[in-house]
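Bear in mind that the values here come from a model prediction, so they are computed numbers and not experimental data. Residue numbers begin at 1 in each chain, while the letters A, B, ... track the order of the sequences. No hydrogens, no waters, no symmetry mates; every other heavy atom, side chains included, goes into these values.
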Number of protein chains: 2
Amino acid sequence: MSSRREISLAERKRQLVADELTEAALQLLALKGFDGVTVDEIVTSAGVSKRTFFRYFASKEDVVVQFLADMGTGMCAELAARPAGELPSEALRHTVWVPLGECAEHSDRALRVVQLILRTPALNARFLERQARWRDDLAAELVGRLGLDAGAELYPRLAAGMALNAFDAVLHLWSGSDGAEDPAALTDRAFAVIAPALDAVVGRG
Amino acid sequence: MSSRREISLAERKRQLVADELTEAALQLLALKGFDGVTVDEIVTSAGVSKRTFFRYFASKEDVVVQFLADMGTGMCAELAARPAGELPSEALRHTVWVPLGECAEHSDRALRVVQLILRTPALNARFLERQARWRDDLAAELVGRLGLDAGAELYPRLAAGMALNAFDAVLHLWSGSDGAEDPAALTDRAFAVIAPALDAVVGRG
DNA sequence: CCCCTCGTGACACCGAGTGTCAATGCGCTA
DNA sequence: TAGCGCATTGACACTCGGTGTCACGAGGGG
């Protein structure tokens, strides 16, 4: 009977350590910048060993970028959940709004993290890597969604790329304005620009 | 009178060392993969010290990505050189074709390098970083080109992003097909998809 | 009560990247 | 031709990110 509890307990312990680590890391990184903080400082502040840090995060960048990990899966799930008949531009706009809405919600912490990521080359690179993975997932979802044959590999990839491109632009403008700009309005304006390309395919076939 | 010659000689020596380094690196990397080769192996093969390597390249990734360095400046120059009245989709299609055409030209070496970059996460990340810089440059060029005011920051960024997105998609398909796909045809098809969004702005104002 | 497993810390180690300094080569000038 | 100045290089030590290994302790099951 303890197997369920044991797993749950272990899971909670893991989560506890992970939270402690991210908390310590985010505080130090926001204070001294990404390159100004060593992993040893982080683990000393969190009270664990360096080896343990790398058991929880694959790299020093990961402790920041992991913060946005579930956004990708959330986006893909949202796209899968959109009604079948919806226009691509509408479906993708809602899809991209999932992580953006989260940012707007806890704008206090999210803004600092996003600004740290966008102004730190190493973090930005990791972020772009992650976006590339999201794009592939969204493209695959689009193929199934629109019933395209496997030969038409160009449109889904471009459509997913355009959506994430809009996502990226909104994030930059929001971060650059220190949160003054409204993400929802920016998203609407961005999708107004790209919608003609997104929806042209349904008009042609 | 020797100042010109001296500079020229020094320049040529620098170029010689750089070429030797990239040559040795590319050969080893193509053979054993990015993570399977250390910088020490490269410099031993090239006959210089490790310190010298890092005087020529900022990082181990750079020795590969630098291979595509002038592509960015070439693209920006091409966009600046396009006729003023040209539609954005046309101007950007020619812009993106500059690096693609180079790839198609020396497809033997370019293909191996591109494949190495796209399948190596660390190299891919650097490549995406570089693309982000290109996107900013292209966006700035578009602002001047279309006479947009500084307030409309959304369209130029999205347009440049879409163009580079198409560039990236073409590169992936070309690389994934081992060079079998025709880059020119892929580029045309990709821009046929995104053109409605690219040119909508001139129809509206 | 013993065993087994899992998480952790400690330690050594590798590889990327940097700072520093001495030596070398080369053009220039007296 | 001798000497000066500048740029490039090699050698070395060092920091830091990241990994492999092992021994230890806690906790749970037989």
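No side-chain donor-acceptor contact under 3.5 Å links Q115(B) to the backbone of R112(B). The closest donor-acceptor contact from the side chain of R145(B) to the backbone of P83(B) lies under 3.5 Å. Of the possible polar contacts, none joining the T120(A) side chain to the I117(A) backbone as a donor-acceptor pair under 3.5 Å is found.
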Report each atom pair, protein N/O against N/O of nucleotides 9-12 of chain D, whose distance is under 3.5 angstrom.
unit_1  : atom_1 : unit_2 : atom_2 : d
dT9(D)  : OP1    : Y56(B) : OH     : 2.9
dT9(D)  : OP2    : Y56(B) : OH     : 3.2
dG10(D) : OP2    : S49(B) : N      : 3.0
dG10(D) : OP2    : S49(B) : OG     : 3.0
dG10(D) : OP2    : T52(B) : OG1    : 2.3
dG10(D) : N7     : R55(B) : NH1    : 3.4
dG10(D) : O6     : R55(B) : NH2    : 2.7

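Nucleic acid contact class of V43(A) (heavy atoms, under 4.0 Å, all strands): none.
In this structure the side chain of E78(A) never reaches within 4.5 angstrom of the side chain of W97(A), judged on heavy atoms. Residues C103(B) and W174(B) have side chains in contact (heavy-atom distance under 4.5 Å, counting atoms from C-beta outward).
Between the CZ atom of R12(A) and the P atom of dG27(D) there is a distance of 14 Å, rounded to whole Å. Atom pair K60(B):NZ and dC14(C):C1' shows a separation of 12 Å (rounding to whole Å applied). Rounded to a whole Å, the CG atom of L21(A) is 14 Å from the P atom of dG17(D). Atom CZ of F57(A) is separated from atom P of dG7(C) by 15 Å (rounded to the nearest Å). Between the CZ atom of F53(A) and the C1' atom of dG7(C) there is a distance of 17 Å, given to the nearest Å. Between the CD1 atom of I42(A) and the P atom of dC16(D) there is a distance of 12 Å, rounded to whole Å. In this structure, D35(A) atom CG and dT18(C) atom P are separated by 11 Å, rounded to whole Å. Atom C1' of nucleotide dC16(D) and atom CD of E41(A) are separated by 11 Å, given to the nearest angstrom.
None of H94(B), E90(B), R93(B) except one satisfies the side-chain contact (heavy atoms from CB on, under 4.5 Å) rule with R82(B); the exception is H94(B).
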